[in-house]
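This report refers to the structure that appears directly beneath it.
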Amino acid sequence: MAIVKQRKKAKVVVSSGKAYVQASFNNTLVYLTDLEGNVLSWATAGGMGFKGSRKSTPYAAQQAAAKAAQAARDNFGMRTIEVFIKGPGPGREAAARALSNYFDKVTAIYDVTGIPHNGCRAEKERRV
């Protein structure tokens with residue numbers, strides 16, 4: 001058997017990028033990308049070990065954002081980000097605050113929650 005030497009990958013440095021926070025009522029997902037949109041790191045509240053109703057808490061969103069930010073900062077040297085928040089969930093503000101703690105500069109925070117322009121028919125009203 002021949003021994004194959006693998007070359008070491010050059011460490012990629014991405015100084016600025018984008019953070020996408022998708023906050024639903026049940027979970028919070030955080031993706032960190034470079035400026036082209038290639039995902040560098042991600043984390044979810046469910047993946048952090050929170051189950052059931054604890055997944056949809058601001059604390060769980062904060063932990064997920066912190067994990068994704070730590071990975072992007074350590075592995076790629078990311079320093080500045082733009083934050084894009086989508087969805088009505090309770091983890092919106094907590095995730096954005098956690099991201100601002102981990103990076104040197106947050107250039108902008110955008111709300112990109114989809115708003116229907118009278119598209120699909122709404123669900124029937126809930127009766128409890």
Apply side chain to side chain contact (heavy atoms under 4.5 Å, CB included) to residues N27 and S56 and explain how you reach the verdict.
CA-CA 5 Å; N27 203 352; S56 59; over 6 Å; no
Decide yes or no on side chain to side chain contact (heavy atoms under 4.5 Å, CB included) for I85 and I109, but give the supporting numbers first.
CA-CA 7 Å; I85 301 175; I109 298 175; 3.9 Å; yes
Run L32 and K18 through side chain to side chain contact (heavy atoms under 4.5 Å, CB included) and show every step you take.
CA-CA 6 Å; L32 283 132; K18 296 179 181 180; over 6 Å; no
Apply side chain to side chain contact (heavy atoms under 4.5 Å, CB included) to the pair I81 and L99, showing each step before the final yes or no.
CA-CA 9 Å; I81 57 163; L99 289 169; 4.0 Å; yes
So R92 and D111, salt bridge (Lys or Arg N to Asp or Glu O under 4.0 Å) or not? Walk me through it.
CA-CA 10 Å; R92 295 166 51 98; D111 186 359; 3.2 Å; yes
Side-chain donor-acceptor pairs under 3.5 Å in residues 66-75, sequence neighbours left out?
unit_1	atom_1	unit_2	atom_2	d
Q70	NE2	D74	OD1	3.4
Q70	NE2	D74	OD2	2.8
R73	NH1	Y102	O	3.1
N75	ND2	A71	O	3.3

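Residues L40 and V12 fall within the same hydrophobic cluster, defined by Ile, Leu, Val, Met, Phe, Trp and Tyr side chains chained together at heavy-atom separations under 4.5 Å.
Here Y20 sits in one hydrophobic cluster together with L29, Y31, V39, W42, F84, Y110, V112; the rule is ILVMFWY side chains under 4.5 Å apart, joined directly or through other members. When hydrophobic side chains of Ile, Leu, Val, Met, Phe, Trp and Tyr are connected at separations under 4.5 Å, F50 ends up clustered with M48, Y59.
In this structure, CE on M78 lies 12.0 Å from CG on D104, to the nearest 0.5 angstrom. Expressed to the nearest 0.5 Å, how far CZ of F76 lies from OG of S16 amounts to 13.5 Å. To the nearest 0.5 Å, atoms NZ (K55) and CG (N26) are separated by 6.5 Å.
Across every non-hydrogen atom of G119 and P116, the tightest pair is N-CB, 4.4 Å. Pairing each heavy atom of A64 with each of A43, the nearest pair is O-CB, 3.3 Å.
For K105, the side-chain contact (heavy atoms from CB on, under 4.5 Å) test picks out T80, T107, with sequence neighbours left out. In terms of the side-chain contact (heavy atoms from CB on, under 4.5 Å) criterion, residue partners of E36 (sequence neighbours excluded) are, by chain and number, D34, N38. Legend: residues meeting side-chain contact (heavy atoms from CB on, under 4.5 Å) with A94, ordered by chain and number and at least two apart, are P58, Q62.
The only option from T44, T57, V21 that meets the side-chain contact (heavy atoms from CB on, under 4.5 Å) definition with T28 turns out to be V21.
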